[in-house]
Amino acid sequence: MKKIAHNVLSASFILSTALMPILGAAAPAEAATRHCKDVTLKVENDSGEEIKITDIDYYDPDAIGDWRSEPIGSHRVDSGDTWEKTRRLEKVNGQRTRIRVEYKLRDGDGDWGWTRRVESTSAVCDRGDTYTVSVQPPVE
């Protein structure tokens with residue numbers, strides 16, 4: 001009886017060990033297809049004044065809350081200049097997405113004013129894509 005149990009254990013160990021490389025290889029390939037890699041996020045400052053970019057989010061139709069944050073820190077961009085960064089957008093490969101930029105302008109006192117938002121157009125995310133947002137002069 002002990003010999004049969006040992007043979008069953010050995011067979012199951014051999015089978016699981018043999019399948020591990022096959023199952024392990026599937027996981028990275030699957031993970032690679034969920035993320036949209038090497039995406040360039042561009043913010044063109046056409047506002048006529050300096051802006052401070054405070055956050056960039058991207059739309060994920062499958063996420064709770066719909067928007068995922070892409071932490072970038074704060075960046076000042078002079079009028080007429082473009083800020084860009086290449087990032088990996090998680091879980092939106094092959095899906096329609098867009099980016100949303102949060103930025104600030106200086107108020108009358110020279111301090112950074114309230115947060116404003118502008119969005120790019122929506123497009124299917126593929127590796128190497130570029131999403132561009134143009135910050136226009138404020139309409140007040």
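Values reported hereafter were calculated over all heavy atoms of this structure, with side chains retained and with hydrogens, waters and symmetry mates removed.
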> Should Val43 and Val77 count as side-chain neighbours, where that means a heavy-atom distance under 4.5 Å?
Replying inline: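 Side chain of Val43 against side chain of Val77, heavy atoms only: no contact under 4.5 Å found.
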
Sequence neighbours left out, what passes side chain to side chain contact (heavy atoms under 4.5 Å, CB included) with [X]? Give chain and number order.
| X | value |
| --- | --- |
| Asp66 | Tyr59 |
| Arg68 | Tyr58, Asp60, Ala63, Lys91 |
| Ser74 | Lys52, Thr54 |
| Ala123 | Tyr131 |

Report the distance from atom [atom1] of [X] to atom [atom2] of [Y], rounding to the nearest 0.5 Å.
| X | Y | atom1 | atom2 | answer |
| --- | --- | --- | --- | --- |
| Asn93 | Arg34 | CG | CZ | 10.5 Å |
| Glu44 | Ile51 | CD | CD1 | 10.5 Å |
| Glu49 | Arg106 | CD | CZ | 10.0 Å |
| Glu50 | Asp81 | CD | CG | 10.0 Å |
| Ile56 | Glu70 | CD1 | CD | 8.0 Å |

> Judged by atom type as modelled, is there a donor-acceptor pair below 3.5 Å linking the side chain of Ser120 to the main-chain atoms of Ile99?
Replying inline: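 Present.
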
>> Any side-chain to backbone donor/acceptor pair from Asp107 onto Asp109? Under 3.5 Å, distance only.
In response: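 Present.
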
> Could you give all pairs that pass the salt bridge (Lys or Arg N to Asp or Glu O under 4.0 Å) test and reach residues 126-136, with sequence neighbours left out?
Replying inline: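 Only Asp38-Arg127 qualify under salt bridge (Lys or Arg N to Asp or Glu O under 4.0 Å).
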
>> I need the full list of salt bridge (Lys or Arg N to Asp or Glu O under 4.0 Å) pairs touching residues 93-102, with sequence neighbours left out, sorted by first then second residue.
In response: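 Residue pairs with at least one partner in residues 93-102: Asp57-Arg100, Arg98-Glu119, Glu102-Arg117.
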
Can you name the side-chain hydrogen bond (donor to acceptor under 3.5 Å, both in side chains) partners of [X], sequence neighbours left out?
| X | result |
| --- | --- |
| Asp78 | none |
| Ser69 | Asp55 |
| Ser47 | Asn45 |
| Asp62 | Gln95 |

> If you count the non-hydrogen atoms of other residues, nucleotides and ligands that lie under 6.0 Å from NZ in Lys104, is the total more than 12?
Replying inline: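 Enclosed: over 12 neighbouring heavy atoms sit under 6.0 Å from NZ of Lys104.
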
>> So which atom in Leu105 and which in Pro138 form the shortest heavy-atom distance, rounded to 0.1 Å?
In response: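 Answer, listing the atom of Leu105 first, then Pro138: CD1-CG, 3.6 Å.
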
> Passes side-chain contact (heavy atoms from CB on, under 4.5 Å), Val39 versus Arg87? Steps please.
Replying inline: CA-CA 5 Å; Val39 175; Arg87 302 302 287 246; 5.7 Å; no

> Which pairs, with at least one residue in residues 76-113 and sequence neighbours excluded, count as a ring pair (Phe, Tyr, Trp, His ring centres under 6.0 Å)?
Replying inline: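 Matches after skipping sequence neighbours: His75-Trp83.
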
> Which residue pairs satisfy the disulfide bond (SG atoms under 2.5 Å apart) criterion with at least one member in residues 53-128, sequence neighbours excluded?
Replying inline: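 Qualifying pairs, neighbours excluded: Cys36-Cys125.
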
